[in-house]
Amino acid sequence: MRFQAPRGTEDCLPGQSDRWIWLEGEFRALASLYGYKEIRTPTFEDTELFVRSSGETSDIVSKQMYSFQDKGERNITLKPEGTAPAIRALIEHNLCPQGSVCRLSYVTPIFRYERPQKGRLRESHQVGLELIGSPSARADAEIIEATVRFYERIGIDEVEVSLNSIGRDECRAAFRAAILKHMGGYLSGQPAEVQERAEKNPLRLLDSKDPDVQAALLGLPPITDFLESDSKERFKDLQRMLHEAGVKVRVAPDIVRGLDYYTETVFEVQSTRLGSQSALCGGGRYDNLVKELGGSATPAVGVAMGIERALIVLEDMQQGPGPHNPDAFIVIATPAAKETCHRLARELRTAGLVILMDYDDRSMKSQLKMADRESARFAVLIGDDELAKGVATVRTLASSEQREVPLAGLSQVLRGHS
RNA sequence: GCGGUUGUAGCUCAGGGGUUAGAGCGCCUGACUGUGGCUCAGGAGGCCGGCGGUUCAAGACCGCUCAGCCGCCCCA
């Protein structure tokens with residue numbers, strides 16, 4: 001029996017892991033610049049947590065969750081997103097007492113049962129930021145700006161943020177009614193399933209790519225026309241702040257997001273390099289969620305960014321760091337030098353250098369070949385001659401220059417300080 | 001979940017019913033016995049995704065299945 005990784009999952013292979021580690025490092029560095037503290041929550045949660053937060057009619061809850069009953073008959077779900085668990089923990093541990101502000105970051109796998117495609121996996125990974133406790137448009141601006149700075153930092157520049165406001169509950173109710181009224185003629189001819197969905201969450205009709213749906217939507221005023229005046233004001237403020245921050249924004253009345261917990265600001269960043277799965281990240285304000293999950297009414301705003309998708313874009317742009325290459329490969333030139341070579345490797349590693357060598361008595365030629373293939377910066381050769389003189393022959397692989405270096409000064413030379 | 005498409009060596013791909021399945025790159029060995037890359041010569045490496053069927057004969061044709069990819073849906 002030969003096994004393969006389950007459908008929609010990926011192994012992160014040695015050739016890729018440096019890029020992952022780098023990207024997560026860049027994210028953590030950026031998050032800490034803004035004062036975010038990392039939170040790590042369980043891989044699985046009570047199923048009800050996600051039903052409550054994302055909404056019964058959301059795609060995630062209605063068809064994409066990895067849910068099961070454990071041996072204690074608890075209903076468990078592998079987390080399909082990062083916000084709800086973070087907020088659950090925030091409430092459980094009272095991380096954001098009334099009147100305070102709390103900044104959380106996370107790096108997490110997420111699980112969604114979908115038909116896999118490039119950039120769409122059943123297990124994927126996200127990094128995210130949550131700013132809890134501030135109702136200010138400044139908070140929205142911080143999240144969006146930090147998102148853009150993150151992409152700039154890793155080499156994805158010129159990102160454009162698609163921005164919308166869906167207002168508060170009152171406005172959305174009015175808008176829902178308007179959609180249903182406007183679409184009434186179209187909907188009556190549709191399958192029951194479509195009608196039902198439209199009934200439950202008419203907003204989801206807006207981002208449909210179906211030309212018929214789009215045609216039926218023609219003439220419908222944008223949701224921003226339905227915003228309460230303070231929401232309108234707030235949306236304008238946000239745009240002004242982002243403009244001042246040099247963040248490019250496109251107001252996109254069609255983006256509504258798939259999760260029910262969003263209020264007011266919603267946004268996403270897309271890339272044309274991603275094909276059909278075009279969103280790099282998505283986020284927005286969720287002023288009702290903390291209360292919905294049992295906390296006290298607390299405003300919040302956040303973003304979740306897909307790691308795989310960012311890496312796909314970087315790869316397409318041929319950006320990102322190369323692999324970490326060894327500093328030196330120690331070559332055993334004659335059998336007598338073996339022990340000296342192993343001792344030297346120990347010493348150099350202790351000194352913080354990345355050292356490779358052969359353990360299988362390969363020919364010197366083959367050892368040099370290995371050094372070359374591993375892209376070591378130096379080959380350090382020790383044989384009878386070097387033993388006699390108490391030196392090593394240090395060969396710079398790129399230039400083929402070599403010279404003798406006393407063993408005592410070796411780590412300095414390999415560091416490139418001389 | 002729907003529609004399409006593709007699975008042959010580590011990688012990229014030829015072969016479209018008929019001996020022992022090929023190429024390029026990569027890998028190993030040697031030419032070069034203490035010097036990598038370049039060149040040349042040799043070598044290793046294949047459940048032709050899996051299961052079943054048609055046939056004298058299947059990598060090829062048919063069915064099912066698994067997986068990747070593209071579009072839809074949705075989104076990270």
Side-chain angles (χ1 to χ4, degrees), chain A residues 1-10 13 15 54 57-64 79-83 106-128 147 191 193-194 197 201 204-205 207-211 213 255-259 266 268-271 274-283 303-313 329 331-337 358 360 362-387 393-402:
Chain A
M1 178 73 184
R2 283 181 62 117
F3 293 99
Q4 56 190 166
R7 181 163 208 210
T9 67
E10 267 178 353
L13 299 174
S54 299
T57 61
S58 65
D59 272 43
I60 287 182
V61 171
S62 59
K63 44 193 182 196
Q64 298 179 343
K79 56 172 143 174
E81 57 113 12
T83 299
Y106 60 82
V107 178
T108 184
I110 61 164
F111 305 86
R112 294 184 197 176
Y113 190 90
E114 293 190 272
R115 181 143 163 184
Q117 236 171 283
K118 194 187 188 78
R120 186 167 79 183
L121 296 161
R122 290 182 175 178
E123 179 186 27
S124 69
H125 299 79
Q126 292 185 339
V127 296
T147 300
E193 192 188 307
V194 175
R197 197 172 103 176
N201 196 346
R204 303 266 312 282
L205 289 168
D207 55 7
S208 170
K209 285 173 201 158
D210 183 338
V213 176
I255 83 158
V256 295
R257 315 253 80 233
L259 305 178
V266 292
E268 58 184 56
V269 172
Q270 306 206 343
S271 170
L274 281 172
S276 165
Q277 310 306 317
S278 58
L280 265 176
C281 71
V303 62
M305 307 177 243
I307 296 181
E308 285 87 350
R309 289 188 186 181
L311 289 172
I312 288 170
V313 170
F329 194 104
V331 174
I332 305 165
T334 60
D358 165 58
D360 302 300
R362 283 174 221 267
S363 69
M364 180 166 165
K365 187 186 181 65
S366 137
Q367 291 180 61
L368 274 155
K369 211 172 221 175
M370 287 169 82
D372 189 48
R373 207 175 30 244
E374 300 284 354
S375 303
R377 210 144 57 90
F378 299 104
V380 174
L381 288 71
I382 302 181
D384 295 347
D385 297 351
E386 286 83 358
L387 284 181
T393 298
V394 174
R395 182 176 178 87
T396 306
L397 269 329
S399 62
S400 299
E401 291 163 337
Q402 66 182 43

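Note on naming: letters A, B, ... go to the chains in the order of the sequence lines (proteins, then strands), and numbering restarts at 1 for each one. Since this is a predicted model, take the numbers as computed values, not measurements.
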Where the side chain of A:Thr393 is concerned, which of B:A76, B:G36, B:G34 is the nearest nucleotide? B:G34
Side chain A:Arg120 and base B:A76 donor-acceptor under 3.5 Å: no
Phosphate oxygens OP1/OP2 of B:C28: is one of them under 4.0 Å from a side-chain N or O of A:Arg373? yes
N/O-N/O pairs, protein side and nucleotides 64-68 of chain B side, under 3.5 Å:
unit_1, atom_1, unit_2, atom_2, d
B:C66, O2', A:Gln4, OE1, 2.9
B:G68, OP1, A:Gly8, N, 2.9
B:G68, OP2, A:Arg7, NE, 2.9

B:U19 and B:C40, which share atom name C1', separated by this distance in whole Å: 32 Å
Quick test: give all pairs of protein nitrogen or oxygen and nucleotides 6-8 of chain B nitrogen or oxygen below 3.5 Å, distance rounded to 0.1 Å.
none

Does A:Thr108 use its side chain to pair, donor to acceptor, with the backbone of A:Gln126 at less than 3.5 Å? no
RNA chain B: A:Glu401 or A:Gln126, which has the more 5' nearest nucleotide? A:Glu401
Spell out yes or no: do the side chain of A:Glu386 and the base of B:G34 have one donor N/O and one acceptor N/O closer than 3.5 Å? yes
Measuring only the P atom in each nucleotide, how far is B:C73 from B:A14? A whole number of Å is fine. 32 Å
On the side chain of A:Gln402, is there an atom forming a donor-acceptor pair with the base of B:U35 - under 3.5 Å, no angle test? yes
Picking from B:C28, B:G1, B:C73, which would you name as closest to the side chain of A:Gln277? B:C73
Give one of base, sugar-phosphate or nothing for A:Glu123, where a contact means two heavy atoms less than 4.0 Å apart. nothing
May I ask you to establish whether A:Arg395 and A:Phe378 are in a cation-pi arrangement, using a distance under 6.0 Å from NZ or CZ to the six-membered ring centre and at most 45° from the ring axis? no
